[in-house]
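Notes for the one structure printed next.
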Amino acid sequence: MAAYSFGWCDVGGAPVTAPGGKGLRQALAVLGAEIAGAPPQAGVPAAVAVELVHTFSLLHDDVMDGDPVRRSRPAVWRAYGTGPAVLAGDALFAQAVDTLATSAGGAGAVRLLSAALGDLVRGQADDLLFAGRPWTGPRRVRSAEYLPMAEGKTGALLGCSLALGALLGGASPTVVAGLDRAGRQAGVAFQIADDVLGTWGDPAVTGKPVHGDLRERKKTLPVVSALESDRPAARRLAALLEADGDVARAAELAEEAGGRAAALAVARRCGAAALAELDRISAPARPVRDLRALLDGVVARSR
């Protein structure tokens, strides 16, 4: 199941070449070590650990959200069953902790990972709770609530990736904390980009059904921002969503109400905030330049 989740085999175990992840978190971990002035190999345990945690979170997320497809293939829970998928995620998490615990500086690394996981769980819990709240009225989800949810759900692990690599590379607590903040801001931008792609993206590119977030009543930033607009399309969107109307039309109205543009503006601000954190860090020029390019690409992928 773990090999299947990484795209290394089919359901029966035969080797295949299937779509894998973006490699973003591993790259951040290695760059974190290099920013600390260490060789890239120093960040490898962090890279392995964060990818194991990320994959574990995806296995559980797909179960919680009922998403049947991941990276253009049946999600693990659809391929093997819900219980086995949960256990596979648990096993990946245990392996991640062991990877860090047996590395140099393991105790501090495990504590850093544990704190990030606490934030991740809180963010994921908020995301699930948001889905049960109404689209309109006093209990509706507001954009101000979305941002801390996204920081926990996605930003915590990106920040942890950078910070773990730096920690294992021997960086000072100030540098570790600054990289954690940079990764968290980049993570919010990354999540917003995912929201945009989940609403208007091509399924051939995203690997997920079109308009899946709208069907699941997810309170993504583009839709929440559209509902906060004073444009006429916002009122039509609210009525359509409350009536569980056509999701394709809802996506059109969300864009007409300015939700897509508003969300991307926030993503750009978060990307700028991440880069501003790097300006405060004294580090070798080459890894900082590479990290800047990587963080800029996080925002640019949804433009």
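Treat the numbers as computed from the prediction; the structure is a model and nothing was measured.
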Would you please name every residue forming a side-chain hydrogen bond (donor to acceptor under 3.5 Å, both in side chains) with [X], sequence neighbours left out?
{"X": "Arg111", "result": "none"}
{"X": "Gln41", "result": "none"}
{"X": "Thr220", "result": "none"}
{"X": "Arg122", "result": "Asp119"}

Tell me, do [X] and [Y] make a side-chain contact under 4.5 Å, heavy atoms counted?
{"X": "His60", "Y": "Val86", "result": "yes"}
{"X": "Thr99", "Y": "Gln95", "result": "yes"}
{"X": "Asp126", "Y": "Glu145", "result": "no"}
{"X": "Lys153", "Y": "Leu120", "result": "no"}
{"X": "Leu28", "Y": "Leu24", "result": "yes"}
{"X": "Arg71", "Y": "Leu58", "result": "yes"}
{"X": "Leu291", "Y": "Val288", "result": "no"}

For [X] and [Y], indicate whether the former's side chain and the latter's backbone hold a donor-acceptor pair under 3.5 Å.
{"X": "Asp67", "Y": "Val69", "value": "no"}
{"X": "Arg142", "Y": "Arg140", "value": "yes"}
{"X": "Lys219", "Y": "Pro134", "value": "no"}
{"X": "Trp77", "Y": "Asp62", "value": "yes"}
{"X": "Thr136", "Y": "Ala238", "value": "no"}

Legend entry - Pair listing, ring pair (Phe, Tyr, Trp, His ring centres under 6.0 Å) test, anchored in residues 1-41, at least two apart: Tyr4-Tyr80, Phe6-Trp8

Inset, instruction - Using the test side-chain contact (heavy atoms from CB on, under 4.5 Å), find all partners of Val266 that sit at least two apart in sequence or belong to another chain. - result: Leu147, Ile192, Leu221, Arg269, Cys270

Legend entry - Listed partners of Arg286 passing side-chain contact (heavy atoms from CB on, under 4.5 Å), at least two apart: Leu31, Glu34, Arg289, Asp290

Inset, instruction - Among residues two or more places apart or on two chains, list those pairs meeting salt bridge (charged side-chain N to carboxylate O under 4.0 Å, His left out) that have a residue in residues 227-237. - result: Arg236-Glu256

Inset, instruction - Check the surroundings of atom CZ in Arg78: do more than 12 heavy atoms from other residues, nucleotides or ligands lie under 6.0 Å from it? - result: no

Identify every side-chain donor-acceptor pair in residues 158-179 under 3.5 Å, counting partners at least two apart or on other chains, and give the distances.
| unit_1 | atom_1 | unit_2 | atom_2 | d |
| --- | --- | --- | --- | --- |
| Ser161 | OG | Leu157 | O | 2.7 |
| Ser172 | OG | Val175 | N | 3.2 |

Inset, instruction - Only counting residues at least two apart or in another chain, list the ones meeting ring-ring contact (aromatic ring centres under 6.0 Å, His included) with His54. - result: none

Inset, instruction - Show which residues join Val121 in its hydrophobic cluster (side-chain heavy-atom contacts under 4.5 Å, direct or indirect), or state none. - result: none

Legend entry - Under 4.5 Å side-chain linkage, directly or through intermediates, the cluster mates of Val223: Trp135, Leu214, Leu227, Leu237, Leu240, Leu241, Val247, Leu253

Inset, instruction - Flag the pair Arg217 and Asp244 as a salt bridge only when some basic side-chain nitrogen lies within less than 4.0 angstrom of an acidic carboxylate oxygen. - result: yes

Legend entry - N-O pairing of Arg25 and Glu51 below 4.0 Å: no

Inset, instruction - Run the numbers on Tyr146 and Asp195 for side chain to side chain donor-acceptor pair (under 3.5 Å), then give the verdict. - result: CA-CA 12 Å; Tyr146 169 96; Asp195 290 350; 2.4 Å; yes

Legend entry - Full working for salt bridge (Lys or Arg N to Asp or Glu O under 4.0 Å) between Asp296 and Arg292: CA-CA 6 Å; Asp296 186 61; Arg292 282 179 172 277; over 6 Å; no

